[in-house]
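Working notes, beginning with the structure itself.
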Amino acid sequence: MLKNNKIKLLIIAIVMLIISFIFILINGKTYIYKINLNSNVDNINDIKVVLDQRKEVLTIIDKKINNNQIEFKLKGLNKGYAFIDVQVNDESFMEKFYVHSFGIITQNHYLGRCSGDILIQLLLIIYTFIILILLIKKYRINMKDNIYQYKNVTYLGIIIFMIMMFINMCLQMVNYQGLINSIHNIIGSVSFFSIIIFPIAIIVSILVIISNIVLMKKEGFTWKNMLGIILGIFLIVATLIPNITYNYIHRTNIIDIFNEKSIGLYIYTFIETFIYTSVTYLECILLGTIILSIKAARKIPTYDKDYIIILGCMIKKDGTLTPLLKSRVDRAIAFAKMQKENTNKSITFIPSGGKGSDEIISEAEAIKKYLIKAGIKESSIIIEDKSTNTYENIRNSYKLIKDKNKKFAFSTTNYHVFRAGIIATDQNIKIEGIGSKTKSYFWINAFIREFIATLYSEKKKHVKIISVIMIICIILIMAIHISNLL
């Protein structure tokens, strides 16, 4: 299906390019040059027009005045460029016009405004909309099939990124000024977005770092608990480097930023645009991670389950449950009661967790004791007391049940639901999860861990997308450079 969509998109792109070329070829041989006047002019003969051209490049075939606006109808004759100098009373206007192959006329820039070029922008908007629809459709199919997939995060992040691009292109249609100005606006909007996001990124980065410091104080120093600090520092550096570079270049003579023909200026502009766009894309993936993790944690499984696995974690020295583990068990009990009330179907509990070196009994046994005290019949409990991590929790618990057609759920802490579901998916186990509440600082580290896991799991796809971003940035910067050079 994905391969078919790529072929369809390629065909649509080719067809749109052909349509745009034919449309501009038909309409671009003439051009209406409009000048808005500050003073009233009634007689067209009061307007002095000087056409400066080394050879016969274009000609004025018609001119008229309409509500203090002069309109010149131009026609291309030969390839080259010409200047039109218009003098009206005390006002003077001069513009440069290029005549391309096939007689197409562009204003002010080699890739400037021409008759019919707005169709290209319109078709780009339509093309982006088609891509968005296909992405949303694919995302919804994947979510319906199984929410616990890293590719869902990738699709959601790309959708958020594409929506931003789509809105930006639609806004440009309101005051369309030609392709080259649209390219400038795209680059400018990326920089503008970075300026807007700058204080937010800094604040978020600081909060992430503070949250991880709190986490390490509570849970101990580990590399996993430092993920937030690492990402926070990365966000600060990625946000600050372009701004620092920009200020440095403006204070030195390394690059002549006022020379539009300087290749160094365009290399710098490409690097700046690429960094900002790539960071924006990664932030969209992070946002997708947050949204999907919260969605997974809040999702209530269907009330048709035969078994619910309770994922164990460390217990107290006296063999009782910690508040974290207790909340997981209470959440499983609450779900079992809701299912009974809604469908009258009973559920079997599978406490899962082995005995650690510093624990007097296994986590599964401790959970079983708590369940019995809570009024759960011992016949409705099957313990799995060999596992040492989430992967083994799900695998070993699933192995206890011979009938694989039975339906399963698992109970864990809310920030851990998505990851546990991913681990089950990796084992081809279809299962739904429910989450219990916990401290907020656990969430931030979980978001970052899943963000990094998404990047790693879908690394080929992300590399392709960032490569496409790089190619697009190169094309845009080259278009500006060529337009200013000629």
Side-chain angles (χ1 to χ4, degrees), residues 1-2 5-6 131-166 197 200-201 204-205 208 211-212 224 227-228 230-232 234-235 238 277-301 390-391 394 410 412-435 438 440 442-469:
M1 179 180 178
L2 190 60
N5 284 338
K6 287 180 179 178
I131 293 173
L132 261 174
I133 294 299
L134 291 175
L135 285 170
I136 291 170
K137 185 178 178 180
K138 182 65 177 176
Y139 170 73
R140 292 183 66 180
I141 291 171
N142 287 339
M143 288 288 288
K144 188 175 181 180
D145 177 58
N146 185 2
I147 188 175
Y148 309 115
Q149 302 177 88
Y150 284 126
K151 63 181 178 181
N152 290 338
V153 175
T154 300
Y155 277 118
L156 183 56
I158 295 172
I159 288 168
I160 295 169
F161 184 76
M162 292 297 294
I163 287 173
M164 289 171 51
M165 296 297 104
F166 178 76
I197 206 73
I200 300 172
V204 169
S205 300
V208 166
S211 172
N212 258 224
K224 286 184 179 180
L227 290 175
I230 295 169
L231 182 63
F234 169 78
L235 286 175
T277 309
S278 298
V279 169
T280 301
Y281 169 74
L282 292 175
E283 287 172 347
C284 290
I285 298 298
L286 176 58
L287 184 58
T289 304
I290 294 170
I291 292 171
L292 207 56
S293 295
I294 293 174
K295 188 177 180 68
R298 291 185 174 182
K299 186 177 182 294
I300 304 297
T390 304
Y391 181 90
I394 295 172
F410 66 84
T412 186
T413 315
N414 50 17
Y415 71 84
H416 189 241
V417 173
F418 187 65
R419 183 168 183 78
I422 292 286
I423 290 170
T425 298
D426 289 343
Q427 300 179 66
N428 295 317
I429 298 173
K430 193 160 186 178
I431 194 169
E432 293 182 88
I434 50 174
T438 188
S440 59
F442 281 106
W443 268 111
I444 294 176
N445 205 60
F447 291 149
I448 296 163
R449 182 179 60 192
E450 297 315 316
F451 167 67
I452 294 171
T454 299
L455 294 181
Y456 179 78
S457 177
E458 298 279 288
K459 54 184 178 292
K460 289 183 179 179
K461 190 175 293 182
H462 294 299
V463 167
K464 286 181 182 178
I465 292 170
I466 291 177
S467 297
V468 169
I469 290 173

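If you're wondering where the values come from, they're calculated on a predicted model, not measured in any experiment.
Smallest separation of non-hydrogen atoms from F418 and I147: CE1-O, 3.5 Å. Contact detail for L132 and I163: the closest heavy-atom pair is CD2-CG1, 3.8 Å. Across all their heavy atoms, C284 and M164 have their closest contact at SG-SD, 3.8 Å. When every heavy atom of Y148 is checked against every heavy atom of T425, the shortest pair comes out as O-OG1, 2.9 Å. The nearest pair of heavy atoms linking Y281 to F161 is CA-CD1, 3.7 Å. Of all non-hydrogen atoms in S278 and I466, the two that sit nearest each other are OG-CG2, 4.0 Å.
Note that CG of L455 and CG of L282 are 6.0 Å apart. Values are rounded to the nearest 0.5 Å. Note that the OG1 atom of T390 and the CD1 atom of I423 stand 4.5 Å from one another [nearest 0.5 Å]. Atoms CD and CD1, on E458 and I465 in that order, are 9.0 Å from each other to the nearest 0.5 Å. Atom CG of residue N146 and atom NZ of residue K151 lie 9.0 Å apart, to the nearest 0.5 angstrom. Going from atom CG of N5 over to atom CG of L134 covers 5.0 Å, rounded to the nearest 0.5 Å. Interatomic distance, CD1 of I422 versus OG1 of T454, reported as 7.0 Å (0.5 Å rounding).
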Tabulate below the donor-acceptor pairs under 3.5 Å that side-chain atoms of residues 288-296 make, not counting sequence neighbours, or state none.
from, atom 1, to, atom 2, distance (Å)
T289, OG1, I285, O, 2.9
S293, OG, T289, O, 2.8

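In this structure, K459 places its NZ atom where more than 12 heavy-atom neighbours from other residues, nucleotides or ligands lie under 6.0 Å away.
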Verify side-chain contact (heavy atoms from CB on, under 4.5 Å) between I136 and Y155, making sure each step is shown before the conclusion.
CA-CA 8 Å; I136 291 170; Y155 277 118; over 6 Å; no
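Distance alone, capped at 3.5 Å, is enough to place a donor-acceptor pair between the Q149 side chain and the N142 backbone.
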